[in-house]
Each structure stands twice: as structure tokens, then as C-alpha cells.
Chemist: 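My questions all concern the structure below.
Values reported hereafter were calculated over all heavy atoms of this structure, with side chains retained and with hydrogens, waters and symmetry mates removed.
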Amino acid sequence: MNVYYERQHTADPVVITTPDVVRDLFTDVRAKYKAGTALLMTVVPADAPWASELTVGIDGDKGALRYAGEDSPPTGWFSKSVTPSNPESVVYYFVTADSEFPPHAELAVTELEAAVIDYLTTGQRPSSIEWQTVR
């Protein structure tokens with residue numbers, strides 16, 4: 001899988017190949033981008049970047065997910081917390097572009113990491129979390 005979260009990744013993406021590499025990526029990103037940054041990462045299959053996409057927002061110890069693939073509704077699938085989380089929509093940023101996530105989309109960063117590992121190993125929408133749609 002290829003990961004994009006900084007401008008230079010357009011030409012040189014971060015490549016994740018194992019669960020340990022995913023864990024290292026999360027450690028590095030959280031060390032570099034402190035809470036309040038609301039960073040957005042895009043994860044796509046290296047061999048078929050248009051087949052599906054997992055977007056990962058990270059803000060300190062929490063974040064949100066959006067999955068888009070052939071079986072997705074028009075706006076995609078958004079993570080859904082099993083306990084109430086963000087009561088309002090939240091915005092995460094990819095370089096200078098922003099993406100809005102619906103209420104109750106924020107999860108613990110450990111859940112985000114597990115979902116990325118699930119996506120890496122299956123190539124499908126992660127089943128380790130609950131999902132919601134928006135209109």
C-alpha cells in the first residue's frame with residue numbers, strides 16, 4: 001500500500017508492507033504532528049490506486065476514517081464510534097485541502113492503526129470498526 005500525507009509523497013509515497021511498518025508509521029506521524037494538527041493520510045493499493053482508498057485523519061490520540069471503493073455509497077463510508085465522540089463534524093487536512101468527517105466519527109488512534117492493518121492485509125473496507133454513511 002502507498003501512503004500520502006505530505007506534498008513530497010506525490011512523487012515518493014510512503015510504502016507500507018507489514019503490520020510493523022504500519023505501527024512505525026503511526027508512531028512517526030504522531031511524533032511529528034502533535035495534537036491539534038488534524039493530519040489526513042491517504043492509503044491506496046500500490047498496484048491499483050483507483051480501486052479503493054482509506055483516508056485516515058489523525059489528531060493526537062484520536063482520529064477518523066473514510067473508505068471509498070467500488071461497493072461504497074456515493075460519499076463513502078465513515079468510521080462510527082461505538083460511544084459518542086465528536087458531537088459536531090470535524091475537519092482533517094491533507095497539505096492544504098480539507099476533508100470533513102461527520103459527528104461520532106472519531107475513534108482512538110489504536111482503532112485507526114488496527115483498521116489500516118486490516119486494510120493492508122485484506123484490501124477491503126476494514127471490518128474491525130463500525131461504519132456510517134452521510135447524505
Side-chain angles (χ1 to χ4, degrees):
M1 297 276 177
N2 288 343
V3 181
Y4 305 86
Y5 62 92
E6 292 181 339
R7 189 178 313 270
Q8 68 268 19
H9 295 147
T10 302
D12 187 23
V14 174
V15 177
I16 54 173
T17 55
T18 67
D20 285 340
V21 174
V22 172
R23 290 182 196 96
D24 290 344
L25 171 65
F26 270 75
T27 298
D28 294 346
V29 165
R30 291 181 68 211
K32 185 173 181 178
Y33 297 94
K34 301 298 182 191
T37 304
L39 174 76
L40 195 65
M41 298 189 305
T42 301
V43 184
V44 297
D47 59 348
W50 303 112
S52 65
E53 172 182 289
L54 185 65
T55 307
V56 184
I58 299 177
D59 188 4
D61 62 355
K62 67 183 183 316
L65 299 167
R66 177 182 175 272
Y67 174 83
E70 293 176 0
D71 63 340
S72 297
T75 59
W77 293 97
F78 293 87
S79 52
K80 181 179 181 186
S81 178
V82 295
T83 58
S85 60
N86 55 299
E88 302 291 328
S89 295
V90 291
V91 176
Y92 286 83
Y93 300 92
F94 178 79
V95 185
T96 59
D98 59 14
S99 291
E100 187 174 328
F101 290 80
H104 308 295
E106 289 187 311
L107 308 170
V109 73
T110 54
E111 293 176 277
L112 304 175
E113 187 178 282
V116 172
I117 291 169
D118 189 357
Y119 183 56
L120 171 69
T121 57
T122 68
Q124 305 296 316
R125 178 167 52 106
S127 61
S128 58
I129 64 160
E130 290 193 32
W131 295 93
Q132 62 181 320
T133 60
V134 296
R135 295 180 189 171

Chemist: Could you give the distance from CD (Glu111) to CD (Glu130), rounded to the nearest 0.5 Å?
Modeler: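 If I round to the nearest 0.5 Å, the distance is 10.0 Å.
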Chemist: Before you tell me yes or no, could you show the steps for Trp77 and Thr133 under side chain to side chain contact (heavy atoms under 4.5 Å, CB included), namely the whole-Å CA-CA distance, both residues' side-chain angles and the distance that decides it to 0.1 Å?
Modeler: CA-CA 5 Å; Trp77 293 97; Thr133 60; 3.5 Å; yes
Chemist: Taking atom OG1 of Thr121 and atom CE of Met1, what is their separation to the nearest 0.5 Å?
Modeler: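 CE of Met1 is found 8.5 Å from OG1 of Thr121.
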Chemist: Treat each ILVMFWY residue as a node, draw an edge where side-chain heavy atoms are under 4.5 Å apart, and state whether Tyr93 and Val14 are in one component.
Modeler: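 Result: no, two separate clusters.
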Chemist: Count the heavy atoms of every other residue, nucleotide or ligand shown that sit under 6.0 Å from CD of Gln8, and state whether that count exceeds 12.
Modeler: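 Enclosed.
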Chemist: Could you state the interatomic distance from CG (Asn86) to OG (Ser81), rounded to the nearest 0.5 Å?
Modeler: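 Answer rounded to 0.5 Å: 8.0 Å.
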Chemist: Whether Glu6 and Lys32 form a salt bridge (side-chain N of Lys/Arg under 4.0 Å from carboxylate O of Asp/Glu) is what I want to check.
Modeler: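 Judged by the 4.0 Å cut-off on N to carboxylate O distance, Lys32 and Glu6 do form a salt bridge.
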Chemist: Give me the atom names and distance for the closest heavy-atom approach of Gln124 to Tyr67.
Modeler: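 Heavy atoms only, the tightest pair is C-CE1, 4.1 Å.
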Chemist: List the atom of Ser52, the atom of Pro45, and the distance in Å for their closest heavy-atom pair.
Modeler: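 Closest approach of Ser52 to Pro45: O-CD, 3.4 Å.
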Chemist: Please check if Val91 and Phe94 belong to a single hydrophobic cluster, counting links between Ile, Leu, Val, Met, Phe, Trp and Tyr side chain heavy atoms closer than 4.5 Å.
Modeler: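 No, separate clusters.
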Chemist: Do His104 and Ser85 make a side-chain contact, defined as non-hydrogen atoms from C-beta onward lying under 4.5 Å apart?
Modeler: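 Heavy-atom side-chain distance check passes, below 4.5 Å.
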Chemist: Check step by step if side chain to side chain contact (heavy atoms under 4.5 Å, CB included) holds for Tyr33 and Ile58.
Modeler: CA-CA 9 Å; Tyr33 297 94; Ile58 299 177; over 6 Å; no
Chemist: Take Leu40 and Val56 through the side chain to side chain contact (heavy atoms under 4.5 Å, CB included) test and state the conclusion after the steps.
Modeler: CA-CA 6 Å; Leu40 195 65; Val56 184; over 6 Å; no
Chemist: Do Ile117 and Phe26 come close enough that some side-chain heavy atom pair is under 4.5 Å?
Modeler: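 No, their side chains stay 4.5 Å or more apart.
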Chemist: Taking the side chain as every heavy atom from C-beta outward, state whether Leu25 and Glu113 have any atom pair closer than 4.5 Å.
Modeler: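 With C-beta onward as the side chain, the pair stays apart.
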Chemist: Is any side-chain heavy atom of Val90 closer than 4.5 Å to a side-chain heavy atom of Asp59?
Modeler: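 They are not in side-chain contact.
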Chemist: Rounded to the nearest 0.5 Å, what separates atom OG in Ser72 from atom CZ in Arg66?
Modeler: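 Ser72 OG to Arg66 CZ: 7.5 Å, rounded to 0.5 Å.
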Chemist: Using the rule that Ile, Leu, Val, Met, Phe, Trp and Tyr join whenever any side-chain heavy atoms are under 4.5 Å apart, tell me whether Phe101 and Val29 fall into a single cluster.
Modeler: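 Different clusters: Phe101 never reaches Val29 through Ile, Leu, Val, Met, Phe, Trp or Tyr contacts under 4.5 Å.
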Chemist: For a 4.5 angstrom cut-off between non-hydrogen side-chain atoms, does His9 reach Val3?
Modeler: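 No - every pair of side-chain heavy atoms lies 4.5 Å or more apart.
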Chemist: Mind checking whether Gln132 and Pro102 have side chains closer than 4.5 Å, heavy atoms only?
Modeler: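 Answer yes - side chains close enough.
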Chemist: Which atom pair, heavy atoms only, marks the closest approach of Ala115 to Pro126?
Modeler: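 What the structure gives for the nearest pair is O-CG, 3.3 Å.
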Chemist: Can you tell me how far the CG atom of Leu65 sits from the CG atom of Leu112, to the nearest 0.5 Å?
Modeler: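 Answer rounded to 0.5 Å: 5.0 Å.
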Chemist: Quick check for you: to the nearest 0.5 Å, what is the distance between Leu107 atom CG and Thr83 atom OG1?
Modeler: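 Here the interatomic distance stands at 8.5 Å.
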Chemist: Using every non-hydrogen atom in the two residues, find where Leu39 and Tyr92 come nearest and quote the distance to one decimal.
Modeler: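 Minimum heavy-atom separation between Leu39 and Tyr92: O-CD2, 3.6 Å.
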Chemist: Got Asn2 and Val15 here, is their nearest side-chain heavy-atom distance under 4.5 Å?
Modeler: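 Asn2 vs Val15: side chains touch.
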Chemist: Report yes or no: does Ser89 contribute a side-chain atom to a donor-acceptor pair with the main-chain N or O of Glu100 at less than 3.5 Å?
Modeler: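 Here the side-chain-to-backbone pair does not exist.
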Chemist: Could you go step by step and tell me if Leu120 and Val21 meet the side chain to side chain contact (heavy atoms under 4.5 Å, CB included) rule?
Modeler: CA-CA 11 Å; Leu120 171 69; Val21 174; over 6 Å; no
Chemist: Taking the side chain as every heavy atom from C-beta outward, state whether Tyr119 and Val43 have any pair of such atoms under 4.5 Å apart.
Modeler: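 Of all side-chain heavy-atom pairs linking Val43 with Tyr119, at least one is under 4.5 Å.
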Chemist: Work out which heavy atom in Arg125 is nearest to a heavy atom in Trp131; give both atom names and the distance.
Modeler: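 Looking at all heavy atoms of both residues, the shortest contact is NH1-CD1, 3.1 Å.
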Chemist: So if you build clusters from Ile, Leu, Val, Met, Phe, Trp, Tyr with side-chain heavy-atom gaps below 4.5 Å, do Phe78 and Ile129 land together?
Modeler: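 No, because Phe78 and Ile129 fall into different hydrophobic clusters, even though each may have its own neighbours under 4.5 Å.
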